[in-house]
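As a basis for the values below, the full set of heavy atoms in this structure was taken, side chains included, without hydrogen atoms, waters or symmetry mates.
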Amino acid sequence: MRAAPILVPLALVAAAAGCGGGDSAAQHQRYLWTQSCAECHAIEQGALSPAVGAKNLWDADPSYQQVRRAVIDGRPGMPKGLLGGDDVDAIAAYVRAQVKR
């Protein structure tokens with residue numbers, strides 16, 4: 001008799017793939033964006049942000065320091081301390097790279 005296969009929820013597989021060891025910095029930055037920012041903010045030219053009132057970061061064109069401050073200090077409707085440590089710099093670098101014109 002064969003054992004039943006072990007079923008792993010797809011969300012766990014995706015999360016493990018997105019933040020495991022060996023990922024490049026770009027993959028980690030994309031993961032941070034997806035997990036912490038994309039629920040509210042758009043980052044493409046002309047796109048509407050998913051959350052009403054949240055800025056499209058392409059249009060806002062924030063500086064590296066502005067992104068860092070927003071992540072650390074929060075903004076109206078945005079929680080304080082959204083990320084910490086090196087992830088603050090990683091997401092600031094990601095946003096700047098995406099809005100670079």
Side-chain angles (χ1 to χ4, degrees):
M1 183 184 278
R2 271 191 332 184
I6 297 173
L7 301 176
V8 178
L10 186 56
L12 291 178
V13 173
C19 64
D23 284 352
S24 73
Q27 288 172 318
H28 181 67
Q29 290 170 343
R30 176 80 177 152
Y31 173 79
L32 292 174
W33 170 262
T34 302
Q35 295 300 309
S36 301
C37 309
E39 183 176 330
C40 296
H41 293 283
I43 197 164
E44 298 91 22
Q45 186 176 14
L48 293 176
S49 289
V52 176
K55 293 180 179 180
N56 174 334
L57 298 181
W58 172 274
D59 297 333
D61 193 23
S63 71
Y64 181 89
Q65 288 301 325
Q66 287 173 320
V67 175
R68 288 188 87 257
R69 291 282 28 117
V71 171
I72 293 167
D73 299 336
R75 294 288 182 263
M78 182 175 160
K80 180 179 181 178
L82 192 58
L83 295 168
D86 292 340
D87 288 346
V88 175
D89 293 318
I91 200 64
Y94 180 81
V95 169
R96 284 306 310 155
Q98 298 304 305
V99 302
K100 188 176 180 181
R101 298 176 189 173

Item to complete: Answer yes or no: is there a side-chain heavy-atom contact under 4.5 Å between E44 and Q98?
Response: no
Discussion item. Applying salt bridge (charged side-chain N to carboxylate O under 4.0 Å, His left out) to D61 and K100, what does each step give before you reach the verdict?
Written reply: CA-CA 8 Å; D61 193 23; K100 188 176 180 181; over 6 Å; no
Fill in: Residue pair A54 / C40: nearest heavy atoms and the distance that separates them
CB-O, 3.2 Å
Discussion item. Apply side-chain contact (heavy atoms from CB on, under 4.5 Å) to residues K55 and R75 and explain how you reach the verdict.
Written reply: CA-CA 11 Å; K55 293 180 179 180; R75 294 288 182 263; over 6 Å; no
Worksheet item: Can you name the closest pair of heavy atoms from I91 and Q29 and give their distance?
Response: CD1-O, 4.1 Å
Fill in: Heavy-atom side-chain proximity of L48 to N56 below 4.5 angstrom
no
Fill in: Sub-4.5 Å side-chain heavy-atom contact between H28 and D87
yes
Worksheet item: What distance do S63 atom OG and R96 atom CZ have between them, rounded to the nearest 0.5 Å?
Response: 7.0 Å
Worksheet entry | Atom pair CD/OH of Q35 and Y31 - distance to nearest 0.5 Å | 4.0 Å
Worksheet item: So, for A42 and S49, which heavy atoms are closest and what is the spacing to 0.1 Å?
Response: N-OG, 3.0 Å
Discussion item. If you define the side chain from C-beta out and look only at heavy atoms, does anything of W33 sit under 4.5 Å from V95?
Written reply: yes
Worksheet item: Any chain of hydrophobic side-chain contacts (each under 4.5 Å) joining I72 to L32?
Response: yes
Worksheet entry | Non-hydrogen atoms of P79 and L82 that approach each other most closely | CG-CD1, 3.7 Å
Fill in: Heavy-atom pair with the smallest gap, counting every atom of P50 and H41
CD-C, 3.8 Å
Discussion item. Within the 4.5 Å heavy-atom criterion, are V67 and Y94 side-chain neighbours or not?
Written reply: no
Worksheet entry | Side chain to side chain, R30 and Q27, heavy atoms closer than 4.5 Å | no
Discussion item. Quick check: closest heavy atoms across V71 and L83, and the distance to 0.1 Å?
Written reply: CG1-N, 3.6 Å
